[in-house]
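A quick write-up on the structure given underneath.
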2 protein chains.
Amino acid sequence: MFSKACEYGIRASVYIALQSMEGRRVSVNEIAEEIDSPIAFTAKILQQLSRSNIIHSVKGPTGGFEIERENMESVKLNMIVKAIDGDDIYKGCGLGLKECNADKPCPLHDKFVDIRSDLSKMLRNTSLYELAMGLEVGLTYLKR
Amino acid sequence: MFSKACEYGIRASVYIALQSMEGRRVSVNEIAEEIDSPIAFTAKILQQLSRSNIIHSVKGPTGGFEIERENMESVKLNMIVKAIDGDDIYKGCGLGLKECNADKPCPLHDKFVDIRSDLSKMLRNTSLYELAMGLEVGLTYLKR
DNA sequence: CGTTAATCGGACAATTTTATCCGAAATAGG
DNA sequence: CCTATTTCGGATAAAATTGTCCGATTAACG
């Protein structure tokens with residue numbers, strides 16, 4: 001479904017959001033530890049998210065990653081997915097055709113439209129804040 | 001979503017089904033031509049589908065691939081996907097956690113359950129016959 | 001029986017994705 | 001100013017996926 005990079009990116013973002021709710025800025029090392037991901041690879045993905053203005057990074061000692069209060073609610077999963085995997089998951093054809101649309105559909109087009117639209121809607125409507133809350137109350141997990 | 005191999009596999013199967021409806025057995029070369037896929041790679045995938053008893057292969061001159069009449073309706077997309085990509089798309093966690101279930105869910109678990117169940121249901125309910133029919137009446141396409 | 005056309009199967013090559021390493025730049029704190 | 005800690009960015013490596021090649025096997029047909 002999503003690439004590994006995207007999976008790590010989402011998990012990392014949720015963890016950063018959780019910590020940012022309590023004003024804590026976190027390092028790559030801590031993030032990788034807490035979401036059980038390869039450190040250096042995770043760092044690359046965080047850079048990408050930072051450049052996309054989804055998370056905020058601070059250099060130097062006491063530096064790390066955080067998400068501003070006002071972004072907590074406004075950052076939705078679809079932005080993270082788009083920043084890392086691009087928008088193929090929304091726009092691309094399920095059977096890999098270059099041009100597949102209502103005018104010239106692949107055999108699966110109509111059936112795929114519904115599913116992808118559900119997925120797309122879910123990602124557009126899910127905020128980091130919402131996911132971080134589930135973590136905070138111990139309802140969900142980011143490891144294993 | 002699906003791997004390239006799986007995309008080719010589905011497209012090839014639909015084309016074989018279409019031709020089998022008219023009693024024509026088709027070669028890898030024809031298939032690759034008609035679904036616009038790399039020949040040798042397509043051949044590999046067809047071998048896999050043949051070993052999984054999803055399509056039937058015949059060696060030698062006048063040989064090629066076909067799908068038995070009785071399989072046309074009973075072969076559903078989920079079998080092809082499972083044979084090529086495995087069942088990760090059904091069972092795996094959306095965020096890549098090794099164990100993610102109702103007891104110990106990832107932050108996206110509940111929201112994913114619905115979408116994956118829709119996808120799974122669609123694949124389980126879609127037969128090659130149905131897709132081949134759409135092609136035959138010129139409603140859908142396998143190229144470009 | 002020999003030729004020819006087809007799949008089979010294994011080895012290999014190219015590309016993409018995943019992952020690591022390391023020096024450079026920034027900056028807090030003494 | 002100096003040191004320690006952190007992100008940044010580019011080069012590189014490893015692994016997985018995608019794709020190619022070729023000889024072996026099978027079988028139809030003259």
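To find a chain, count down the sequence lines: A is the first, B the second, and so on, and within it residues start at 1.
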Can you tell me if [X] touches the phosphate of [N], counting only side-chain N or O atoms and a distance under 4.0 Å to OP1 or OP2?
| X | N | result |
| --- | --- | --- |
| B:Tyr8 | D:dG19 | yes |
| A:Arg51 | D:dG9 | yes |
| B:Ser57 | C:dC8 | yes |

Look at the side chain of [X] and decide which nucleotide, out of [options], has an atom nearest to it.
| X | options | result |
| --- | --- | --- |
| A:Phe41 | C:dT18, D:dC21, C:dC8 | C:dT18 |
| A:Pro61 | C:dT18, C:dT27, D:dT20 | C:dT27 |
| A:Lys59 | D:dA11, C:dT27, C:dT18 | C:dT27 |
| B:Ser50 | C:dC8, D:dC8, C:dA19 | C:dC8 |
| B:Lys44 | D:dA11, D:dC21, C:dA6 | D:dC21 |
| B:Phe65 | D:dA11, C:dC8, D:dG19 | C:dC8 |
| A:Pro38 | D:dT25, D:dT20, C:dT20 | C:dT20 |
| A:Ala40 | C:dT7, C:dC21, D:dC21 | C:dC21 |

(request) Indicate yes or no: does B:Lys76 engage B:Glu130 in a salt bridge with an N to O separation below 4.0 Å. (result)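 No salt bridge links B:Lys76 with B:Glu130.
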
(request) Let me know which of B:Gln19, B:Glu66, B:Glu30 forms a side chain to side chain donor-acceptor pair (under 3.5 Å) with B:Arg25. (result)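 Among B:Gln19, B:Glu66, B:Glu30, the one meeting side chain to side chain donor-acceptor pair (under 3.5 Å) with B:Arg25 is B:Glu66.
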
(request) Assess whether side-chain contact (heavy atoms from CB on, under 4.5 Å) is satisfied between B:Ile80 and B:Leu128, documenting all intermediate values. (result) CA-CA 10 Å; B:Ile80 299 178; B:Leu128 284 181; 4.0 Å; yes

(message) Categorize B:Arg25 for me: base, sugar-phosphate, or nothing, with a 4.0 angstrom heavy-atom threshold over every strand shown.
(response) nothing

(message) Closest-nucleotide mapping onto DNA chain C: is B:Asn29 or A:Ala5 further toward the 5' terminus? I mean the 5' end.
(response) B:Asn29

(request) Could you pull out the closest heavy-atom pair between B:Leu49 and B:Gly9, with the gap in Å? (result)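 Scanning both residues completely, I find the closest heavy atoms to be CD1-O, 3.9 Å.
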
Measure [atom1]/[X] against [atom2]/[N] and give the value in whole Å, please.
| X | N | atom1 | atom2 | value |
| --- | --- | --- | --- | --- |
| B:Phe2 | D:dA16 | CZ | C1' | 20 Å |
| B:Gln47 | C:dA6 | CD | P | 16 Å |
| B:Gln48 | C:dT7 | CD | P | 16 Å |
| A:Ile45 | D:dG9 | CD1 | P | 16 Å |
| B:Ile55 | C:dA6 | CD1 | C1' | 14 Å |
| B:Asp36 | D:dG19 | CG | P | 11 Å |
| A:Ile16 | D:dT6 | CD1 | P | 15 Å |

(request) Evaluate whether atom NZ of A:Lys91 has more than 12 neighbouring non-hydrogen atoms of other residues, nucleotides or ligands under 6.0 angstrom away. (result) no

(request) For the residue pair B:Ser20 and B:Arg24, confirm or rule out a side-chain donor-acceptor distance under 3.5 Å. (result) no

(message) Judged by each residue's nearest nucleotide on DNA chain D, which is more toward the 5′ side, B:Thr62 or B:Asp85?
(response) B:Asp85

